[in-house]
Undergrad: 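Please read through the structure below; I'll follow up with questions.
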Amino acid sequence: MPELPEVETVRRGLQPALEGQTLKSVIVRRAKLRIPFPKDFARRLTGSKVERLGRRAKYLFMHMQGGDVAIIHLGMTGHMTAISGKAPAPGKHDHVDFCTTAGATVRFNDVRRFGLMTLTTEEELETHRLIKNIGPDPLANSFSHEVLSAALKGRATSIKAALLDQKTVAGLGNIYVSESLFRSGISPKRQAKSVQGSRAEKLTRAIQEVLREAIEAGGSTLKDHRQPDGELGYFQHHFRVYGKDGETCPNCDDERYRIKKIVQAGRSTFYCSNCQR
DNA sequence: CTATCCACCTGGCGGC
DNA sequence: TGCCGCCAGGTGGATA
């Protein structure tokens, strides 16, 4: 499911069930997702209070009283559901339950198991191996077109590949890269280093707009994504190019340039060759 | 450093 | 109905 807007939607949706609550039990039903759980994962979290939920790019953080931080990534198909009252029997892909003393259960489900959970501390969060190399979060105050231009400078790879690379900007995935490039009129095939000046400004604006609108819409539900209350996201209805190959472009509407689907770095890209240069 | 390929997993869909 | 290949919102390690 999850690019930045979906993860942010999950964070917001889990706040009522978790923030300020004490974990009565943590049940891990599978020792390993993408990476093994720390052996003391459940023990260290049990009995602690969740101070707040944070997010950096596609990573969700559970900041615990006492200084521990649980790092959670949803991979491709991970989602989290907040259940009030008695939780139903876990299904095949319900890998973890966080149960609070207030009687709520937050359940992590991940069909493909590309997600991960691990533990660190406040002091070591910024230097954690999963976190230390990722680039700026595009919705953070520190992000700007200057930061983006600098990250793209000198890079011969395509702008599509550069934006998917979490070291450039952290949080975009396959959907929102295509949508951002469309909104800024930039071809996904253009060399990253040529996106400078006004192009970088337009792209920065487009990225921020797309992400904000998507969060507002509860993210995009293609298959797996659900908000923690079970609601679907509905930003997929606002896609302009993603998954729309063969349709006419919503901008130029010119029959001669229908939305194209190409493969870059092994991933599909959707764009209009007329509007994006 | 870069680019490419591949592995990690499961499930849904289309074609035969 | 079954089998097969392909595809999917992500990431990171190996390789050249």
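Each chain gets a letter, A, B and so on, in the order the sequences are listed, and its residues count up from 1. Because only heavy atoms are used, hydrogens play no part in the values below, and waters and symmetry mates are left out as well, while side chains stay in.
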Undergrad: Rounded to whole angstrom units, what separation is found between the NZ atom of Lys153(A) and the C1' atom of dC1(B)?
TA: 16 Å

Undergrad: Round to the nearest Å and state the distance from Lys167(A) atom NZ to dT2(B) atom P.
TA: 8 Å

Undergrad: Would you mind telling me which of dG9(C), dT2(B), dA8(C) lies closest to the side-chain atoms of Thr157(A)?
TA: dT2(B)

Undergrad: Sticking with atom P, work out how far dC3(C) lies from dC9(B), rounded to a whole angstrom.
TA: 23 Å

Undergrad: Out of Asp97(A), Asp110(A), Asp94(A), which residue meets the salt bridge (Lys or Arg N to Asp or Glu O under 4.0 Å) rule with Arg29(A)?
TA: Asp97(A)

Undergrad: I'd like to know if Glu247(A) and Arg258(A) make a salt bridge, using a cut-off of under 4.0 Å between side-chain N and carboxylate O.
TA: no

Undergrad: Please lay out, stage by stage, how Lys160(A) and Thr269(A) fare under the test side-chain hydrogen bond (donor to acceptor under 3.5 Å, both in side chains).
TA: CA-CA 8 Å; Lys160(A) 162 74 190 293; Thr269(A) 302; 2.7 Å; yes

Undergrad: Starting at the 5' end of DNA chain B and moving along, which residue's nearest nucleotide shows up first, Lys223(A) or Ala156(A)?
TA: Ala156(A)

Undergrad: Between dG12(C) atom P and Leu164(A) atom CG, what is the distance in whole Å?
TA: 13 Å

Undergrad: Classify Leu130(A) by what it touches in the nucleic acid, base, sugar-phosphate, or nothing, heavy-atom distance under 4.0 Å.
TA: sugar-phosphate

Undergrad: Rounded to the Å, how far apart are Ile134(A) CD1 and dT11(C) P?
TA: 9 Å

Undergrad: What's the CG-P distance between Asp245(A) and dA8(C), to the nearest Å?
TA: 10 Å

Undergrad: Between dA8(C), dC9(B), dG9(C), spot the one nearest the side chain of Lys32(A), thanks.
TA: dC9(B)

Undergrad: dG10(C), OP1 or OP2 - any side-chain N/O from His73(A) closer than 4.0 Å?
TA: no

Undergrad: Would you say a side-chain N or O of Ser268(A) is under 4.0 Å from OP1 or OP2 of dA8(C)?
TA: yes

Undergrad: Does the gap between the ring centers of His237(A) and Tyr234(A) come in under 6.0 Å?
TA: no

Undergrad: If only side-chain N and O atoms of His79(A) are considered, is one of them under 4.0 Å from the OP1 or OP2 phosphate oxygen of dG9(C)?
TA: no

Undergrad: Which one, dG9(C), dT2(B), dA8(C), comes nearest to the side chain of Leu222(A)?
TA: dG9(C)

Undergrad: Check this for me: does any side-chain nitrogen of one of Arg55(A) and Glu8(A) sit under 4.0 Å from a carboxylate oxygen of the other?
TA: yes

Undergrad: Who is the Watson-Crick or G-U wobble partner of dC7(C), with both distances under 3.5 Å?
TA: dG11(B)

Undergrad: For dG9(C), does either OP1 or OP2 sit under 4.0 Å from a side-chain N or O belonging to Lys58(A)?
TA: no

Undergrad: As a test of reading the structure: which of dT2(B), dG9(C), dG12(C) is closest to the side chain of Arg155(A), going by heavy atoms?
TA: dT2(B)

Undergrad: Would you call Glu6(A)-Arg226(A) a salt bridge at under 4.0 Å N-O?
TA: no

Undergrad: Ignoring hydrogens and angles, answer whether the base of dT11(C) and the side-chain atoms of Arg34(A) contain a donor-acceptor pair closer than 3.5 Å.
TA: yes

Undergrad: Write down the distance between NZ (Lys189(A)) and P (dA3(B)), rounded to a whole number of angstrom.
TA: 17 Å

Undergrad: Using heavy-atom distances to pick each residue's nearest nucleotide on DNA chain C, tell me which of Arg112(A) and Leu116(A) is more 5'.
TA: Arg112(A)

Undergrad: Gln236(A) has an atom CD; how far is it from atom P of dA8(C), in whole Å?
TA: 17 Å

Undergrad: Within this structure, what is the CG-to-C1' distance between Asp165(A) and dT4(B), rounded to whole angstrom?
TA: 14 Å

Undergrad: Report, as yes or no, whether the 6.0 Å neighbourhood of atom CG on Asn141(A) holds more than 12 heavy atoms from other residues, nucleotides or ligands.
TA: no

Undergrad: Taking donor-acceptor contacts at under 3.5 Å, does the side chain of Arg113(A) reach the base of dC9(B)?
TA: no

Undergrad: Taking the minimum atom-to-atom distance to the side chain of Phe114(A), which one of dC8(B), dT11(C), dG11(B) wins?
TA: dC8(B)

Undergrad: Using a cut-off of 4.0 Å on non-hydrogen atoms, how would the nucleic acid contact of Phe235(A) be classed: base, sugar-phosphate, or nothing?
TA: nothing

Undergrad: Under 4.0 Å between a side-chain N or O of Gln166(A) and OP1 or OP2 of dG10(C)?
TA: no

Undergrad: Provide the distance between the two P atoms, one in dA7(B) and one in dG5(C), to the nearest whole Å.
TA: 15 Å

